[in-house]
Amino acid sequence: MTARARPGRPPARPGASVALPAAFYARPVLEVAPALLGCVVRHGDAAGVIVETEAYHDSEPACHAHIGRTARTHVLFGPPGRAYVYRSYGIHALLNAVCEPEGVGAAVLIRALEPLAGLDGMRARRGLDDPAGLCSGPGKLTQALGIGMEGNATDLATGPIRIEPRLDGRLIEAPLVGPRIGITKAAELPWRFCAVSRSVSRPWPPGLRDRLGG
DNA sequence: CATGGGATTGACT
DNA sequence: GTCAATCCCATGC
């Protein structure tokens with residue numbers, strides 16, 4: 001059976017923008033964080049496959065939303081499917097996807113990508129050649145993709161930063177799970193999720209090196 | 001209004 | 001392994 005274009009019915013374009021809908025994010029953040037592994041973050045001509053995420057929820061003190069609604073945390077309590085971008089250590093912009101229904105403060109931190117498109121631009125912005133080092137950290141990937149604070153509160157389905165479903169044919173094995181990186185509060189919660197990829201940030205979770213080798 | 005502390009990174013001992 | 005860079009914002013006076 002062959003698809004035929006008809007007047008008033010333009011054929012679907014392969015590769016057309018198919019960002020994840022808000023409903024994808026409107027569920028428990030501990031479900032969304034592993035589900036985002038293998039999905040694609042796109043900004044301008046640059047894109048990468050998500051290989052590492054962390055979950056944050058207002059019920060635990062490592063989450064910015066734990067203190068309640070402020071000017072800074074307002075977006076975390078807003079509608080799911082928006083970007084929460086904040087500045088870390090005065091230098092780096094970190095990208096999160098707001099999750100759970102409106103009124104709940106929760107987000108998934110995107111910690112690492114496997115470079116997929118726009119590698120030349122990434123190399124220029126990062127001043128680095130090695131593909132495994134371009135997006136292997138939450139501050140690195142925003143620099144590589146050219147994402148800044150202006151992306152805060154934008155819609156991840158229709159705005160400048162988009163997250164798209166997993167690529168066809170790309171299978172994500174059972175994620176490696178471990179404690180979150182670089183936090184002092186609620187550091188024991190195993191809310192970090194990693195795919196088997198050399199682009200995961202350091203320290204690598206136990207078992208990653210072995211699974212990469214084999 | 002002053003101050004202190006980061007969901008990090010890269011350079012260096 | 002240690003350490004500084006650098007800015008936003010929450011908190012306290």
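Letters A, B, ... are given to chains in the order of the sequence lines, protein chains preceding strands, and every chain is numbered from 1.
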Peer 1: Over how many whole Å does the gap from A/H64 atom NE2 to C/dC8 atom P extend?
Peer 2: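 The distance from NE2 of A/H64 to P of C/dC8 comes to 14 Å, rounded to the nearest Å.
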
Peer 1: Among B/dG10, B/dG6, B/dA7, which nucleotide has an atom closest to any side-chain atom of A/R111?
Peer 2: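 In terms of side-chain proximity for A/R111, the closest of B/dG10, B/dG6, B/dA7 is B/dA7.
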
Peer 1: On DNA chain B, nearest-nucleotide positions of A/R126 versus A/I183: which is more 5'?
Peer 2: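 Checking each residue's closest nucleotide, the 5'-ward one belongs to A/I183.
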
Peer 1: Distance check, P atoms only: B/dG4 and C/dA4, in whole angstrom units.
Peer 2: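 That atom pair is separated by 16 Å.
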
Peer 1: Which nucleotide sits closest to the side chain of A/R87: C/dC7, C/dT11, B/dA7?
Peer 2: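 Ranking C/dC7, C/dT11, B/dA7 by closest atom to the A/R87 side chain puts C/dC7 first.
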
Peer 1: On DNA chain C, check which nucleotide each of A/H92 and A/M149 is closest to and give me the residue with the more 5' one.
Peer 2: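 It is A/H92, whose closest nucleotide lies nearer the 5' terminus.
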
Peer 1: Taking the side chain of A/R72 as heavy atoms from C-beta outward, which of B/dG10, C/dC9, B/dG6 is closest to it?
Peer 2: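 From the listed options, C/dC9 comes nearest.
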
Peer 1: Specify the separation, in whole Å, of atom NZ of A/K140 and atom P of B/dA11.
Peer 2: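 The answer, rounded to whole Å, is 11 Å.
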
Peer 1: Tell me which of A/G133 and A/L76 sits closer to the 5' end of DNA chain B, going by the nucleotide each one is nearest to.
Peer 2: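 Final value for this comparison: A/L76.
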
Peer 1: Of the options A/T53, A/V108, A/L109, which is the one that meets A/N96 in a side-chain contact (heavy atoms from CB on, under 4.5 Å)?
Peer 2: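 The passing option is A/L109.
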
Peer 1: Could you tell me the Watson-Crick or G-U partner of B/dA7, where both distances fall under 3.5 Å? Say none if there is no partner.
Peer 2: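 With both distances under 3.5 Å required, B/dA7 matches none.
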
Peer 1: Is any N or O donor-acceptor pair between the side chain of A/Y86 and the base of B/dA7 shorter than 3.5 Å?
Peer 2: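 Yes.
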
Peer 1: I need the CD1-P distance between A/I181 and B/dT8, as an integer number of Å.
Peer 2: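 Atom-to-atom, A/I181 to B/dT8, this comes out as 8 Å.
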
Peer 1: Rounded to whole Å, how long is the line connecting atom CD of A/E52 with atom P of B/dA7?
Peer 2: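 So the two atoms are 15 Å apart, to the nearest Å.
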
Peer 1: What is the distance, rounded to the nearest whole Å, between atom CD1 of A/I67 and atom P of B/dA7?
Peer 2: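 So the CD1-P distance, A/I67 to B/dA7, works out to 11 Å.
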
Peer 1: To the nearest angstrom, how far is A/I91 atom CD1 from B/dG10 atom C1'?
Peer 2: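 Atom-to-atom, A/I91 to B/dG10, this comes out as 10 Å.
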
Peer 1: Hey, does the side chain of A/S88 come within less than 4.0 Å of B/dA7's phosphate (OP1/OP2), counting only N and O?
Peer 2: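 A/S88 to B/dA7 OP1/OP2: no side-chain N or O under 4.0 Å.
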
Peer 1: Hey, is the side chain of A/K185 poking within less than 4.0 Å of OP1 or OP2 on B/dA7, counting only N and O atoms?
Peer 2: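 No, outside the criterion.
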
Peer 1: Considering all heavy atoms of both residues, which atom of A/I110 and which atom of A/L141 are nearest to each other, and what is their separation?
Peer 2: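 Distance-wise, the nearest heavy atoms are O-CD2, 3.4 Å.
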
Peer 1: Atom CG of A/D129 to atom P of B/dG10: distance rounded to whole Å?
Peer 2: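 Distance, rounded to whole Å: 14 Å.
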
Peer 1: Could you tell me which non-hydrogen atom of A/E100 sits nearest to which non-hydrogen atom of A/A106, and how far apart they are?
Peer 2: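 Shortest heavy-atom separation between A/E100 and A/A106 comes out as CG-CB, 3.7 Å.
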
Peer 1: From OH of A/Y89 over to C1' of C/dC3, roughly how many Å is that when rounded to an integer?
Peer 2: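 Rounded to whole Å, this separation is 12 Å.
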
Peer 1: Using purine N1 to pyrimidine N3 plus N6-O4 or O6-N4 for Watson-Crick, or N1-O2 and O6-N3 for G-U wobble, both under 3.5 Å, which nucleotide pairs with B/dA2?
Peer 2: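 For B/dA2, the partner nucleotide comes out as C/dT11, under the 3.5 Å rule.
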
Peer 1: Mind listing the closest non-hydrogen atom pair of A/A93 and A/V85 along with its distance?
Peer 2: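 Heavy-atom minimum between the residues: CB-CG1, 3.9 Å.
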
Peer 1: Determine whether the aromatic ring of A/Y56 stacks with the base of B/dA7, defined as ring centroids separated by less than 5.5 Å and ring planes inclined by less than 30°.
Peer 2: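 Check passed, A/Y56 stacks on base of B/dA7.
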
Peer 1: I want to check a possible cation-pi pair here: A/R82 against A/Y84, using under 6.0 Å from ring centre and within 45° of the ring axis as the test.
Peer 2: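 Verdict for A/Y84: no cation-pi partner in A/R82.
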
Peer 1: Choose from B/dT9, B/dG6, B/dA7 the nucleotide whose nearest atom is closest to any side-chain atom of A/Y84.
Peer 2: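 Of the candidates, B/dA7 comes closest.
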
Peer 1: Base, sugar-phosphate, or nothing: which does A/R192 touch, judged by heavy atoms less than 4.0 Å apart?
Peer 2: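 Nothing: the residue A/R192, judged by heavy atoms under 4.0 Å, touches no strand.
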
Peer 1: For the backbone of A/G133 and the side chain of A/R126, can you confirm whether one donor and one acceptor N or O come within less than 3.5 Å of each other?
Peer 2: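 Yes.
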
